[in-house]
Amino acid sequence: MGNDGSTSLTFDQLRSLLSDRGYQEHESEERPGDRIAFIHPRTRHIISLDKPSGQEYLTSYQLQELEVEFSRQGQDIPDLYNRQDEKRG
């Protein structure tokens with residue numbers, strides 16, 4: 001984790017992770033550009049997060065929010081803190 005509270009998980013990696021789990025990305029209508037929602041069409045579960053502004057990586061607080069959301073849905077909690085981008089190899 002960085003000194004600024006950032007982690008090693010980028011927003012693009014999060015998109016990929018949630019897409020792999022069936023979630024679809026939607027912009028917030030109330031605050032376009034600031035918040036993003038990931039909605040699972042079958043379960044209608046919504047994960048709503050602030051988009052990282054001025055930084056590439058998610059904060060530890062955002063990862064904690066994600067862990068709570070996965071837990072509430074009874075889903076396996078991925079290792080969000082040490083996720084490597086498989087596409088980079």
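What you see below is based on every heavy atom in this structure, not just the backbone, and it leaves out hydrogens, waters and symmetry mates. Small disclaimer: the values here were computed from a predicted structure and weren't measured.
For the atom pair CG of Leu66 and OG of Ser71, the computed distance is 12.0 Å after rounding to the nearest 0.5 Å. The CD atom of Gln24 sits 11.5 Å away from atom CG of Leu18, with the distance rounded to the nearest 0.5 Å. Rounding to the nearest 0.5 Å places CG of Asp12 at 10.0 Å from CG of Leu9. Atom CD1 of Ile39 and atom CZ of Arg44 lie 10.0 Å apart (nearest 0.5 Å).
Listed by chain and number, the residues in a ring pair (Phe, Tyr, Trp, His ring centres under 6.0 Å) with Phe38 amount to none (sequence neighbours excluded). For Arg72, the side-chain hydrogen bond (donor to acceptor under 3.5 Å, both in side chains) partners two or more places apart in sequence, or in a different chain, are Glu69. Here Glu25 pairs with Arg15 under the salt bridge (charged side-chain N to carboxylate O under 4.0 Å, His left out) rule; sequence neighbours left out.
Taking every heavy atom of both residues into account, Ile47 and His45 meet most closely at CG1-CE1, 3.5 Å. Nearest heavy-atom pair across Gly22 and Pro41 is O-CD, 3.2 Å.
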(request) Using the side-chain contact (heavy atoms from CB on, under 4.5 Å) rule, take Glu65 and Leu49 through it: C-alpha gap first, then chi angles, then the decisive distance, then the call. (result) CA-CA 8 Å; Glu65 286 184 278; Leu49 295 169; 3.9 Å; yes

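Using a 4.5 Å heavy-atom cutoff, the side chains of Tyr23 and Leu17 are not in contact.
A donor-acceptor pair under 3.5 Å is absent between the side-chain atoms of Gln73 and the main chain of Phe70, judged by distance alone.
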